[in-house]
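Proteins come first, then strands; the chains are lettered A, B, ... in the order of their sequence lines, and each starts at number 1.
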Amino acid sequence: MNITDTIQSGVVQAVKSLYDADVTADSVNLSPTRKEFEGDYTVVVFPYTKLARKKPEQIGEELGQYLKDQVAEIADFNVIKGFLNLEVSDSFWTAFLDDIYAKEDFGRQPANGQKVMVEFSSPNTNKPLHLGHIRNILLGWSTSQILDAAGYEVVKVQVVNDRGIAICKSMLAWQRFGEGATPASTGQKSDHFVGHYYVKFEQAFKEEYKAWQASEAGQQAFASWKADEKAVKKAEKALEEKIRKAKGKAEREGKTFDPAEYTLEKHFFGSIYKNTYFNEHSELGQAAKAMLLKWEAGDEEVIALWKQMNDWVYEGFDETYERLGVEFDKLYYESNTYLLGKDTIKAGLQDGVFYEKEDGSVWIDLTDAKLDHKLVLRSDGTSVYITQDIGTAQERYKDFGVDKMVYVVADEQDYHFQVLFETLKRLGEPYANGLYHLSYGMVDLPSGKMKSREGTVVDADDLMAEVIAEARQNTEERDTLNDLGKAEREAIIRQIGLAALKFFIIKVQPQKRMVFDPKESVDMQGQTGPYVQNAYVRIQSVLRKGGEQDLQAAAEYTTLETIEKALAGQLYAFPGVIQEAAANYDPSGVANYCYDLAKQYHRFYHDFSILNAESDAAKAFRLKLSQAVAHTLKTGMQLLGIEMPARM
RNA sequence: GGCUCUGUAGCUCAACUGGAUAGAGCACUUGACUACGGAUCAAGAGGUUUCAGGUUCGAAUCCUGACAGAGUCACCA
């Protein structure tokens with residue numbers, strides 16, 4: 001039985017015997033004691049004032065005395081206002097440490113027999129991965145590791161969006177402007193090579209569109225739209241809102257606001273008409289669409305080109321994934337799954353889950369779940385995004401029989417997943433109650449939103465190279481690794497750089513939008529990944545020098561320093577941290593836990609000598625404590641996908 | 001306009017899910033190694049938790065209403 005349960009049930013008994021009232025163990029408000037007070041755990045006694053009809057201080061005293069008398073692990077207590085601070089006996093902590101210090105897997109839970117699938121990354125294949133993908137991948141990976149540590153069997157998958165208009169754009173641009181170039185011939189990383197042609201397409205389209213805007217046809221389109229008073233009025237309103245926001249933003253950032261950028265004409269061509277132009281007038285747009293149709297028809301030449309482009313991209317992605325240290329158990333390709341789900345819709349139509357409109361389109365009415373009516377099949381019988389998501393979910397269940405599915409997807413799709421999950425529920429899918437959308441906020445730069453069109457995206461490969469370069473520079477300044485071979489040194493430098501990057505991103509709660517400052521992300525001091533690594537490295541250094549010590553002597557160490565108890569208490573909390581992170585699908589708590597533990601250890605290390613401790617008993621005890629901290633830090637950081645070097 | 005998320009120190013983030021005097025890091029100021037790794041430690045300064053009400057013994061946290069930012073409301077994905 002663990003100590004928190006022991007205390008809680010002790011309080012239940014105390015309340016029963018002292019006040020003849022029944023409370024549940026769950027309701028006992030128990031938390032670690034704040035560091036400015038004496039004690040290890042604190043019980044809040046305010047809730048018992050009514051049933052005891054006494055003052056909080058008095059209740060605290062009575063409960064404290066009862067626990068001290070009846071519960072062996074409680075050595076002492078004090079009461080401040082309505083807070084009962086309990087002191088756990090030193091022998092409890094030494095026994096606990098004795099139990100865990102040699103366990104490298106401390107904190108991990110035994111298998112619980114449940115299977116969960118985590119989907120993450122899921123890129124488009126027309127351009128390389130960027131900072132946004134990195135947040136997604138780190139969240140997905142660490143959540144997978146955490147679920148695994150919490151006892152689940154985890155299946156990691158990604159959906160590769162390998163078809164559609166976007167990849168056709170890259171293909172077309174390569175065909176027209178590529179002149180037979182290949183990644184090998186240009187020396188470019190192959191996914192960047194493909195992305196280059198995507199950008200090329202967008203540039204060419206932009207030029208084409210701009211020329212058309214000035215042409216007679218373009219001006220006429222604008223003029224005829226302008227005749228529609230209602231539409232113009234609506235657009236003017238939207239434009240006003242846009243201007244107001246832009247002005248506010250310029251003001252906040254101390255920049256000048258240029259009203260010439262916000263004319264009605266620019267708004268019309270930029271926001272309102274762009275899709276229409278692409279679909280109906282653009283030569284490039286027509287060509288890209290024609291290519292998509294040919295792809296769907298299975299045209300050999302187009303398919304061959306498509307395969308070539310995608311292969312290039314995959315080669316590049318694999319490299320990036322490997323550098324990041326992530327891998328998947330199975331990949332689903334949209335080109336294989338995009339037709340799934342139609343049969344389910346038809347069957348659901350029979351069962352009355354869906355309804356059909358006169359034009360033949362199929363819908364689901366979710367108004368009683370506070371959602372809307374949602375189209376699930378077009379009037380021409382073709383599928384939409386949600387159709388294939390329904391089919392894919394069923395496919396995955398067939399493949400793996402999972403109890404839960406976690407989708408790591410940005411918060412712009414919150415509504416989509418609400419609709420999807422509700423629909424699957426109504427279809428009676430067996431896994432419907434185990435669906436979770438791990439929604440996360442977009443990553444902003446200090447300069448504002450990332451926009452691929454404006455070239456303000458932070459490339460994943462560049463970013464990793466940058467943090468590693470910074471780690472290299474820091475390492476060279478210290479010359480602590482000079483005796484190592486180059487390969488070994490580089491491996492450590494890589495671990496340090498990636499620790500900085502990963503920790504910086506994972507420490508923020510998923511649902512929050514985060515500001516990513518590249519300058520801060522390469523920081524290696526303070527609340528950072530390398531700071532945590534440093535605590536681990538210090539311990540390794542101590543263990544190398546004092547590892548021969550016979551740890552039996554620790555048994556004679558019976559009076560712990562405050563900070564030693566605090567460290568033991570923190571270690572004790574680790575399994576709970578993992579369980580909570582798993583239950584909430586939130587790795588940020590693990591990151592913050594690792595930081596707190598490292599910080600506490602750094603302080604302990606500074607204030608007390610380990611190898612030159614006052615007695616053999618103290619030395620042995622502190623070695624055990626250090627070893628336990630090292631294991632815990634290593635496990636915790638491993639859950640975040642961060643490796644711990646033995647030296648740095 | 002409807003719905004959802006967010007708003008905490010100059011900046012980046014916490015706050016054990018309703019508990020004590022709201023905590024860290026960065027930046028700034030000042031200290032600490034002839035001792036186990038200074039990527040460290042300690043100290044100082046920095047707050048009307050966006051605002052106004054409400055519930056409660058107790059609110060950054062829950063409720064209502066404003067305000068601000070973001071997202072979404074496609075026979076797009």
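Considering Asp517(A), Val467(A), Leu501(A) as possible partners of Val522(A), the one that fulfils the side chain to side chain contact (heavy atoms under 4.5 Å, CB included) test is Val467(A).
As a whole-Å value, the separation of Asp596(A) CG from C16(B) P is 12 Å. In this structure, Lys502(A) atom NZ and C13(B) atom P are separated by 20 Å, rounded to whole Å. The separation between Glu520(A) atom CD and C26(B) atom P is 10 Å, rounded to whole Å. Distance Asp444(A) CG to G7(B) P: 14 Å, rounded to the nearest Å. We find that OH of Tyr593(A) is positioned 18 Å from P of A24(B), with the value rounded to whole Å. Distance Ile506(A) CD1 to A14(B) P: 13 Å, rounded to the nearest Å. Atom CG in Leu501(A) sits about 18 Å away from atom P in U12(B), given to the nearest Å. Nucleotide G25(B) holds its P atom 13 Å from the CZ atom of Phe503(A), rounded to whole Å.
Within 4.0 Å (heavy atoms only), Val44(A) reaches at least one base atom of the nucleic acid. Contact annotation for Asn279(A): no contact, since no heavy-atom pair falls under 4.0 Å across all strands. Among the atoms of the strands shown, none is found under 4.0 Å from any heavy atom of Asp517(A). In this structure, Pro47(A) reaches the bases: a heavy-atom distance under 4.0 Å links it to at least one base atom across the strands shown.
The ring of Phe504(A) has its center closer than 6.0 angstrom to the ring center of Phe516(A). When ring centroids are compared, Phe604(A) and Tyr601(A) come within the 6.0 Å threshold. Between Tyr531(A) and Tyr536(A), a ring centre-to-centre spacing not shorter than 6.0 Å is recorded. The six-membered or imidazole ring of Tyr407(A) lies near that of Phe417(A), with a centre-to-centre distance under 6.0 Å.
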Heavy-atom protein contacts under 4.0 Å, nucleotides 69-77 of chain B, coded B base, S sugar-phosphate only, - none: SSSS--BSB
Under 4.0 Å protein heavy-atom contacts per nucleotide of nucleotides 34-47 of chain B, with B for base, S for backbone only and - for none: --BBSBSSS-----
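Within the 4.0 Å cut-off from OP1 or OP2 of G23(B), at least one side-chain nitrogen or oxygen of Arg34(A) is found. OP1 or OP2 of A14(B) has at least one side-chain nitrogen or oxygen of Lys512(A) nearer than 4.0 Å. Residue Gln509(A) places at least one side-chain N or O under 4.0 Å from the OP1 or OP2 atom of A15(B).
The pairing partner recorded for G71(B) is C3(B), the criterion being a Watson-Crick or G-U wobble arrangement whose two distances lie under 3.5 angstrom. The nucleotide U49(B) finds no pairing partner, because no Watson-Crick or G-U wobble arrangement with both distances shorter than 3.5 Å includes it. Checking U56(B) for Watson-Crick or G-U wobble geometry (two distances, each under 3.5 Å) identifies no partner in any strand. Using the Watson-Crick or G-U wobble rule with both distances under 3.5 Å, A27(B) pairs with nothing in any strand shown.
A donor-acceptor contact under 3.5 Å is formed by the side chain of Thr42(A) with the base of A20(B). Evaluation of atom-type donor-acceptor distances gives a pair under 3.5 Å for the side chain of Asn584(A) against the base of U17(B).
A cation-pi arrangement, defined by a distance under 6.0 Å to the six-membered ring centre and an angle within 45 degrees of its axis, is absent between Arg135(A) and Tyr440(A). Taking the ring centre of Tyr198(A) as origin, the terminal cationic atom of Lys169(A) falls outside the region bounded by 6.0 Å and 45° from the ring axis.
Contact detail for Pro645(A) and Val537(A): the closest heavy-atom pair is O-CG2, 3.3 Å. His437(A) and Val409(A) get closest at one heavy-atom pair: NE2-O, 2.9 Å.
Under the 90° criterion around 0 for the glycosidic angle, U17(B) counts as syn.
Between Glu57(A) and Lys81(A) there is no salt bridge, since none of the side-chain N atoms of the basic residue sits less than 4.0 Å from a carboxylate O of the acidic one.
Legend: residues meeting salt bridge (charged side-chain N to carboxylate O under 4.0 Å, His left out) with Arg489(A), ordered by chain and number and at least two apart, are absent.
The same atom, C1', is picked in U34(B) and in U21(B); the two are 42 Å apart, to the nearest Å. Taking the P atom of each, G25(B) and G44(B) are spaced 12 Å apart, rounded to whole Å. One C1' atom belongs to U48(B), the other to A60(B), and the distance between them is 12 Å to the nearest Å. Distance check on atom C1': G7(B) versus C51(B) gives 12 Å, rounded to whole Å. Only the P atoms considered, A45(B) is 24 Å distant from U50(B), to the nearest whole Å. C62(B) sits 24 Å from A70(B) when the C1' atoms are compared, rounded to a whole Å. Using atom C1' as the reference point in both G69(B) and A32(B), the two lie 44 Å apart (nearest Å). Taking the C1' atom of each, U29(B) and G46(B) are spaced 12 Å apart, rounded to whole Å.
Atom NZ of Lys619(A) has more than 12 heavy atoms from other residues, nucleotides or ligands within 6.0 Å.
Aromatic stacking is marked for Phe46(A) over G19(B), as both cut-offs hold: 5.5 Å for the centres and 30° for the planes. Ring-base stacking between Phe37(A) and A20(B) is satisfied, the centre separation being under 5.5 Å and the plane angle under 30°.
Among G23(B), C57(B), A14(B), the nucleotide with an atom closest to any side-chain atom of Lys35(A) is G23(B).
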